[in-house]
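Note sheet for the following structure.
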2 protein chains.
Amino acid sequence: MALEPISTPPAPPAGPPVAAMAPLCSVFRRYLKSQHLKYTPERADILNSIIEADNVFEVDQLLMEMRRRGHRVSKATIYRTIKLLQDAGIITLALFDSKQSHFQLIYGKAPRDYMVCMKTGKYIEFSDDELVALRERICRQYGWEPVGHRFQIYAMSPQGRKRMAEGAEEA
Amino acid sequence: MALEPISTPPAPPAGPPVAAMAPLCSVFRRYLKSQHLKYTPERADILNSIIEADNVFEVDQLLMEMRRRGHRVSKATIYRTIKLLQDAGIITLALFDSKQSHFQLIYGKAPRDYMVCMKTGKYIEFSDDELVALRERICRQYGWEPVGHRFQIYAMSPQGRKRMAEGAEEA
DNA sequence: GTCGGTGCAAATGCTTTGCATTGAT
DNA sequence: ATCAATGCAAAGCATTTGCACCGAC
């Protein structure tokens with residue numbers, strides 16, 4: 001019963017993430033209830049930490065961040081919760097190529113698209129109406145019903161180009 | 001870092017106008033020579049099998065197909081060769097979400113985009129000029145240099161919709 | 001004749017799972 | 001009081017790597 005938005009964060013960060021927090025919790029809670037699953041402190045902590053990351057995250061990174069804040073959760077629980085959050089439509093797997101999976105918040109957000117620098121790994125997030133329109137057009141063209149999309153541009157940033165020029169070796 | 005193709009090799013021809021592409025074998029051979037690596041029967045077999053698959057493929061599937069044809073290669077060699085083919089710009093990792101990696105031929109091909117049915121898994125391949133233009137526009141906007149892209153639409157096909165209606169089970 | 005390549009098996013490293021215990025409803 | 005959730009450690013899997021032998025250049 002003592003399940004309010006987790007105890008007291010040391011420094012309430014200002015900005016959109018905080019606003020998004022309450023609604024997402026209830027979305028998750030509702031989903032869990034519909035599946036006859038329980039809303040536990042661990043699950044709440046994990047969702048809140050993801051919201052505060054407010055970006056692409058990896059499991060290890062998330063776990064470290066949570067530990068740093070004194071939340072004790074096992075990696076297994078994070079994996080189990082991530083699966084639930086995916087099923088609930090709150091997060092999704094991002095499409096980076098690295099070995100470790102990257103996830104991102106999607107609930108209530110316009111689809112985020114990424115442009116990644118192939119040299120530095122730095123990336124820029126954007127979202128583009130034209131792309132959404134294009135998606136609709138293609139779906140209509142085949143008689144399919146659009147649900148979502150992913151778009152990632154591979155490119156070379158100015159820094160990447162510079163670094164490329166400097167170090168002409170590269171192992 | 002996450003991404004790393006496009007590194008040392010003598011930059012494979014970027015964006016060739018499709019059409020008549022030189023035999024992929026010679027492209028690969030040229031790449032290998034440039035890296036002081038050898039063109040072995042195993043590597044040739046693997047590339048040829050990939051060409052004949054002419055589509056998205058997974059490692060196990062490729063290995064089985066090769067075995068079926070009497071080619072004896074180890075999985076380790078396939079993995080090693082796949083890495084070379086990626087560096088040579090001949091194949092790339094496709095972005096399906098399954099556990100196993102999917103690769104696809106890209107050399108000399110216009111970027112392929114996919115629309116996947118979330119219910120049936122069936123997918124449609126397409127490529128769209130408008131998307132390429134959009135990519136250029138966004139790169140220019142940030143001062144980055146386009147290299148490639150990936151676009152995948154998640155949608156519901158008519159069959160998927162139908163199947164969804166029929167089987168009302170699913171917890 | 002040199003190195004690099006190959007197969008095999010062992011090693012990785014991310015993710016999942018079995019089990020005993022803890023805890024939400 | 002139930003039955004799901006958690007933590008831990010072991011198990012799974014796709015992928016990588018060490019090593020001894022083989023073969024392309």
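Numbered from 1 within each chain, the chains take letters A, B, ... in sequence-line order. Keep in mind the model is a prediction, meaning the values are calculated, not measured.
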Original post:
Using 4.0 Å as the upper bound for N to carboxylate O, is an ion pair formed by B:R150 and B:D113?
Top reply: no
Subject >> Proximal nucleotide (of C:dT15, C:dG7, D:dG23) relative to the B:K38 side chain >> reply: D:dG23
Subject >> Closest to side chain of A:A76, choosing from D:dT17, D:dC8, D:dA5 >> reply: D:dC8
Original post:
Thinking salt bridges, do A:R137 and B:D128 make one under a 4.0 Å N-O criterion?
Top reply: yes
Subject >> B:R43 side-chain N/O to C:dT6 phosphate OP1/OP2 under 4.0 Å >> reply: yes
Original post:
Rounded to the nearest Å, what distance is computed from the CG atom of residue A:L63 to the P atom of nucleotide C:dT15?
Top reply: 12 Å
Subject >> Closest nucleotide among D:dA5, C:dG7, D:dA14 to the B:E42 side chain >> reply: C:dG7
Original post:
Are any of A:T77's side-chain N or O atoms less than 4.0 Å away from OP1 or OP2 of D:dG7?
Top reply: yes
Subject >> Length of the CG-C1' vector between B:D45 and C:dT6, whole Å >> reply: 13 Å
Subject >> Length of the line joining A:I46:CD1 and D:dA5:P, which is rounded to integer Å >> reply: 12 Å
Subject >> First encountered from the 5' end of DNA chain C, between B:T81 and A:K75 >> reply: B:T81
Subject >> Nearest-angstrom distance from the residue atom CG of B:L37 to C1' of D:dG23 >> reply: 15 Å
**OP:** Considering just the side-chain nitrogens and oxygens of A:R80, establish if one lies under 4.0 Å of OP1 or OP2 belonging to C:dT17.
**Re:** no
Subject >> Minimum-distance nucleotide to A:K83 side chain [options: C:dT15, D:dT15, C:dT16] >> reply: C:dT16
Subject >> Short side-chain N/O contact from A:Y79 to OP1 or OP2 of C:dT15, under 4.0 Å >> reply: yes
Subject >> Interatomic distance where CZ belongs to B:R72 and P belongs to C:dT6 [whole Å] >> reply: 13 Å
Subject >> Atom-pair distance (CD1 on B:I78; C1' on D:dT15), nearest Å >> reply: 13 Å
Original post:
Between A:F57 and A:H102, is the ring centre distance below 6.0 Å?
Top reply: no
Original post:
For A:L93 and C:dC14, what is the distance between atoms CG and P respectively, to the nearest whole Å?
Top reply: 15 Å
Original post:
Are OP1 or OP2 of D:dA4 and a side-chain N or O of A:T40 less than 4.0 angstrom apart?
Top reply: no
Subject >> Cluster link B:V59 to B:I106, ILVMFWY, side chain under 4.5 Å >> reply: no
**OP:** For residues A:L93 and A:Q86, report the shortest heavy-atom separation together with the two atoms involved.
**Re:** N-OE1, 4.0 Å
**OP:** For B:I82 and C:dT6, give me the distance from atom CD1 to atom P, rounded to whole Å.
**Re:** 13 Å
